[in-house]
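Taking it in order: structure first as structure tokens, then the write-up.
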Amino acid sequence: MTQARLKFSLAEYEARLRKTREAMEAKGVDLLIVSDPSNMAWLTGYDGWSFYVHQAVIVPPSGEPIWFGRGQDANGAKLTAYLKHENIIGYPDHYVQSTERHPMDYLSGILSDRGFGALRIGVEMDNYWFSAAAFASLQKHLPNARFVDATALVNWQRAVKSETEIKYMRNAARIVEAMHQRIFDKIEVGMRKCDLVAEIYDAGTRGVDGIGGDYPAIVPLLPSGVEASAPHLTWDDRPMKRGEGTFFEVAGCYNRYHVPLSRTVFLGKPTQAFLDAEKATLEGMEAGLAVARPGNTCEDIANAFFAVLKKYGIVKDNRTGYPIGLSYPPDWGERTMSLRPGDKTELKPGMTFHFMTGLWLEDMGFETTESILITESGVECFASVPRKLMVKD
């Protein structure tokens, strides 16, 4: 039997499954179909670039989970998931992107054959990887089942990180430190932006101190000048210009665990607008970090930060952070809590967030952010990169 290469102990996977089943019971779910690849990996260890086709981990009422995916990916499950091989089920390739049949037709048959066809089944309705066609297929072929929206049910169980998860994130932090050092070392007027991105990928993949990097869930984001007024533009082959600021939103990634970090670099003498944005952001960040401790809430961090911005006449009309950890494209967030007014989720030791204090103003953008860990007594910033506007002439 092929021996899987596990990133966590079997005891940790068992604890995760136990937590998930407790949440299922509380929500009235007998069987759970998990399509989010982050949740699939968290529950079983499965790790592969196969989320572009339909796949799932099924959590039945008892026993091991079941991995379900494209037949050619089944060996990947055997190599990365802790599951017995009889619980790794691949569907034939003529189900892939077919107009005549759907992979969930096949899964419905499996669930019926195993006596699960009349259960209360949870599905991740609002999820990048679970389509309307998938749901329609399950409804058609499991007419006796009752379907329950279980979006983010597993995500919430991931909120408090284990010691091993935090270790992986600290490794990712060392990588993102090296990425930002490479950016500052290499950036110069006239350098093609695509060449700078190549340096970022090189630093992120090579890693540091024997720690190799994994691929991040989001590509490097590095708009310059007025384009930095938009948060999610990528890059082109134009040269870097003197007199422009560029924010760099990148993440170190280790074993799929992410530590995002943003810094802004100005080529030449910074304008007063950048200096003002720096002052407000750094003061606001200190205020937010001061209340980032157990017993407080997500909105406490946001309210402290926004109060400082208001003092400086700045309005940030979007949330200022989100939980991070294990993830796959297209998003390194965990899609549960938000650091924003109204989110009264209690902060607990082991929670991890990207404190996203980015400002996207009318004709510029400024990002200086931190990825943070809520500790027993307060907060820890994962990475150690100078928290300031980086200036290079």
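This chain uses plain numbering: 1 for the first residue, then up along the sequence.
- Of the possible polar contacts, none joining the E227 side chain to the L233 backbone as a donor-acceptor pair under 3.5 Å is found.
- Side-chain atoms of M179 and P220, non-hydrogen and from C-beta on, never get closer than 4.5 Å to each other.
- Sequence neighbours left out, not one pair with a member in residues 372-393 passes ring-ring contact (aromatic ring centres under 6.0 Å, His included).
- Residues W332 and C253 have side chains not in contact (no heavy-atom distance under 4.5 Å, counting atoms from C-beta outward).
- When ring centroids are compared, H258 and H354 stay outside the 6.0 Å threshold.
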- Chi angles and distances behind the side-chain contact (heavy atoms from CB on, under 4.5 Å) call for F305, I301: CA-CA 6 Å; F305 176 66; I301 299 175; 5.7 Å; no

- Just do the side-chain contact (heavy atoms from CB on, under 4.5 Å) check on V34 and I58 with the steps written out, would you? CA-CA 6 Å; V34 176; I58 294 87; over 6 Å; no

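- If you take CE on M356 and CG on L339, they are separated by 11.5 Å, rounding to the nearest 0.5 Å.
- Proximity of P270 to M390: side-chain heavy atoms (C-beta onward) are nowhere separated by under 4.5 Å.
- Applying side chain to side chain contact (heavy atoms under 4.5 Å, CB included) to V154 and the options V57, D36, V59, L32 leaves one that passes, L32.
- Checking side-chain atoms of R256 against main-chain N and O of S327 turns up a donor-acceptor pair under 3.5 Å.
- Put simply, the side chain of N296 gets close to the backbone of V291: a donor and an acceptor are under 3.5 Å apart.
- Looking at T20 and M24, their side chains come closer than 4.5 Å, going by heavy atoms from C-beta outward.
- Of the charged side-chain nitrogens involved, none lies within less than 4.0 Å of a carboxylate oxygen, so that E163 and K167 do not count as a salt-bridged pair.
- For the ring-ring contact (aromatic ring centres under 6.0 Å, His included) with F266, the qualifying choice from F184, F248, F274 is F274, the only one to do so.
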- Message: Walk me through whether E334 and W156 qualify under side chain to side chain donor-acceptor pair (under 3.5 Å).
- Response: CA-CA 8 Å; E334 289 186 335; W156 277 102; over 6 Å; no

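- In this structure, the side chain of S35 does not engage the main chain of W129 through any donor-acceptor pair within 3.5 Å.
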- Query: What do the steps show when you test Y13 against T44 for side-chain contact (heavy atoms from CB on, under 4.5 Å), and what is the final call?
  - Reply: CA-CA 7 Å; Y13 286 116; T44 70; 5.8 Å; no

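- Heavy-atom minimum distance, A251 versus P216: O-CB, 4.1 Å.
- Between P260 and I324 there is a side-chain heavy-atom pair separated by less than 4.5 Å.
- No salt bridge links E380 with K161; every basic N to acidic carboxylate O contact stays at or beyond 4.0 Å.
- Using a 4.5 Å heavy-atom cutoff, the side chains of P65 and N87 are not in contact.
- Between the E165 side chain and the S162 main chain, a donor and an acceptor come within less than 3.5 Å of each other.
- Here R263 pairs with E370 in a salt bridge; the nearest charged N to carboxylate O distance falls below 4.0 Å.
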- Derivation of the salt bridge (charged side-chain N to carboxylate O under 4.0 Å, His left out) call for R16 and E12: CA-CA 6 Å; R16 295 171 177 183; E12 184 155 343; 2.9 Å; yes

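- Once rounded to the nearest 0.5 Å, the distance linking SG of C194 with CG of D236 reads 8.0 Å.
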Could you list the donor-acceptor pairs under 3.5 angstrom formed by side chains in residues 133-145, with sequence neighbours left out?
| unit_1 | atom_1 | unit_2 | atom_2 | d |
| --- | --- | --- | --- | --- |
| S137 | OG | D105 | N | 3.1 |
| S137 | OG | D105 | OD1 | 2.4 |
| H141 | NE2 | D105 | OD1 | 3.2 |

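- Among pairs with a residue in residues 37-59, those fulfilling salt bridge (Lys or Arg N to Asp or Glu O under 4.0 Å) read K7-D47, at least two apart in sequence or across chains.
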- Task: Using the side chain to side chain donor-acceptor pair (under 3.5 Å) rule, take S224 and K193 through it: C-alpha gap first, then chi angles, then the decisive distance, then the call.
- Result: CA-CA 10 Å; S224 303; K193 189 170 282 189; 2.8 Å; yes

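- Annotation: the span from M351 atom CE to T336 atom OG1 amounts to 8.0 Å, rounded to 0.5 Å.
- Both the sub-6.0 Å distance and the 45° axial angle are not jointly satisfied by R101 relative to the ring of Y91.
- Without hydrogens or angle criteria, R70 side chain to V96 main chain gives no donor-acceptor distance under 3.5 Å.
- Nearest heavy atom pair, residue E124 against residue N155, reads OE2-OD1, 4.3 Å.
- Contact detail for F247 and A228: the closest heavy-atom pair is CE2-O, 3.4 Å.
- Without hydrogens or angle criteria, S112 side chain to G117 main chain gives no donor-acceptor distance under 3.5 Å.
- Checked for salt-bridge contact, D202 and R182 meet the test: a charged N lies under 4.0 Å from a carboxylate O.
- The aromatic rings of Y257 and F8 sit perpendicular, their planes meeting at an angle over 60°, well past the 30° parallel limit.
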- Message: Determine whether K316 and L359 satisfy the following criterion, side-chain contact (heavy atoms from CB on, under 4.5 Å), listing intermediate values before the conclusion.
- Response: CA-CA 7 Å; K316 178 177 167 67; L359 302 177; 4.3 Å; yes

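- Taking every heavy atom of both residues into account, P60 and R21 meet most closely at O-NH2, 2.9 Å.
- The CZ atom of R206 lies 16.0 Å from the CD1 atom of I211; values are rounded to the nearest 0.5 Å.
- One finds the CZ atom of R293 at 8.5 Å from the CG atom of D300 (value rounded to the nearest 0.5 Å).
- Of all the heavy atoms in E86 and I89, the pair that sits closest is O-CG1, 4.3 Å.
- A donor-acceptor pair is defined here as one N or O able to donate and one able to accept, closer than 3.5 Å; such a pair exists between the side chain of K392 and the backbone of I187.
- A heavy-atom distance below 4.5 Å is not found between the side chains of M169 and S371.
- Among all heavy-atom pairs drawn from E299 and P341, the shortest one is OE1-C, 3.7 Å.
- Taking the charged nitrogens against the carboxylate oxygens, E177 and R174 do have a contact shorter than 4.0 Å, which makes a salt bridge.
- With a 6.0 Å radius and a threshold of 12 heavy atoms from other residues, nucleotides or ligands, E286 has its CD atom above the threshold.
- Rounded to the nearest 0.5 Å, atoms OH (Y312) and OG1 (T281) are 10.5 Å apart.
- Ring-plane geometry between Y215 and W49 is classed as tilted, the angle between the planes lying from 30 to 60 degrees on a 0 to 90 degree scale.
- Counting only heavy atoms from C-beta outward, the side chains of D30 and R146 never approach each other to under 4.5 Å.
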